[in-house]
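For reference, the structure discussed in these notes is given below.
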Amino acid sequence: MAATIYHNPRCGKSREALKLLQEQGAETEIVEYLKTPPSREALNRILEMLHLEPRQLMRTKEKEYKELGLAAGDLSRDQLIDAMLEHPKLIERPIVINDGKAAIGRPPENILEIL
């Protein structure tokens with residue numbers, strides 16, 4: 001079974017994580033999530049595998065985070081997920097999924113734990 005990387009080719013950490021997967025000889029499915037965002041179901045599975053709540057997977061320094069008022073503490077889980085699906089740039093990257101486990105590649109070496 002191939003590892004899946006939610007990848008942004010413009011991101012240095014994402015490129016490093018992909019290179020690391022290739023160096024490890026891992027068969028890899030690349031999902032450019034800015035072009036092909038995960039489905040709600042996939043994003044929920046990723047959050048579950050990472051044992052994170054939506055806000056913990058968000059890039060809080062992105063301008064969309066501030067513009068959309070996502071720091072508000074009264075937003076529901078579904079509202080935060082909606083924001084990530086509508087603005088995939090808000091999703092932390094890279095995320096690697098392998099054999100029912102997930103890791104965020106920050107630093108890229110984190111992904112070695114699930115290979």
Side-chain angles (χ1 to χ4, degrees):
M1 185 173 202
T4 300
I5 181 170
Y6 287 87
H7 178 61
N8 177 351
R10 296 183 61 196
C11 169
K13 296 286 184 212
S14 199
R15 289 192 307 270
E16 287 176 43
L18 180 58
K19 183 177 181 218
L20 196 54
L21 284 169
Q22 292 165 338
E23 288 170 353
Q24 296 294 312
E27 186 181 327
T28 307
E29 176 189 352
I30 300 169
V31 177
E32 287 192 36
Y33 71 96
L34 294 177
K35 293 179 183 174
T36 309
S39 66
R40 176 176 299 278
E41 181 183 346
L43 188 52
N44 272 309
R45 269 196 322 271
I46 291 166
L47 287 164
E48 195 173 294
M49 285 186 268
L50 290 168
H51 307 287
L52 295 177
E53 286 302 316
R55 193 180 310 278
Q56 295 171 294
L57 189 60
M58 294 179 100
R59 297 176 55 82
T60 59
K61 292 187 175 27
E62 293 293 338
K63 69 177 175 133
E64 290 85 351
Y65 187 83
K66 186 175 183 180
E67 287 173 356
L68 296 170
L70 297 173
D74 61 344
L75 294 174
S76 71
R77 186 177 203 280
D78 281 340
Q79 287 173 306
L80 294 172
I81 288 173
D82 288 344
M84 287 192 281
L85 295 174
E86 195 169 321
H87 305 276
K89 186 178 185 182
L90 291 167
I91 302 171
E92 187 58 85
R93 62 183 181 257
I95 299 168
V96 176
I97 298 171
N98 186 50
D99 198 24
K101 297 180 207 145
I104 298 173
R106 288 188 170 271
E109 295 75 28
N110 282 353
I111 66 172
L112 294 174
E113 297 170 16
I114 65 166
L115 297 182

* To do: Establish whether Tyr6 and Met58 are linked, either directly or via other cluster members, by ILVMFWY side-chain heavy-atom contacts under 4.5 Å.
  => yes
* Asked: When hydrophobic residues are tied together by side-chain contacts of less than 4.5 Å, even through go-betweens, does Leu18 share a cluster with Ile95?
  -> no
* Would a 4.5 Å heavy-atom cut-off, applied to side chains only, mark Arg106 and Cys11 as touching? -> yes
* Out of curiosity, Leu43 CG to Glu48 CD, how far, rounded to the nearest 0.5 Å? -> 11.5 Å
* Determine whether Arg45 and Ile97 make a side-chain contact, defined as any pair of heavy atoms from C-beta on separated by less than 4.5 Å. => no
* **Donor-acceptor contact present, side-chain Arg55 to main-chain Leu70, <3.5 Å** => yes
* Asked: Between the side chain of Arg15 and the main-chain N/O of Pro9, is any donor-acceptor distance below 3.5 Å?
  -> yes
* What is the distance from atom CD of Glu62 to atom CD1 of Ile91, rounded to the nearest 0.5 Å? -> 11.0 Å
* **Hydrophobic cluster membership, Leu75 vs Leu90, 4.5 Å side-chain cutoff** => yes
* Transitively linked via ILVMFWY side-chain contacts under 4.5 Å: Ile104 with Ile114? -> no
* To do: Look at the side-chain heavy atoms of Ile, Leu, Val, Met, Phe, Trp and Tyr, link any pair under 4.5 Å apart, and say whether Ile5 and Met84 land in one connected group.
  => no
* To do: Could you tell me the separation between the OG atom of Ser39 and the CG atom of Leu85, rounded to the nearest 0.5 Å?
  => 8.0 Å
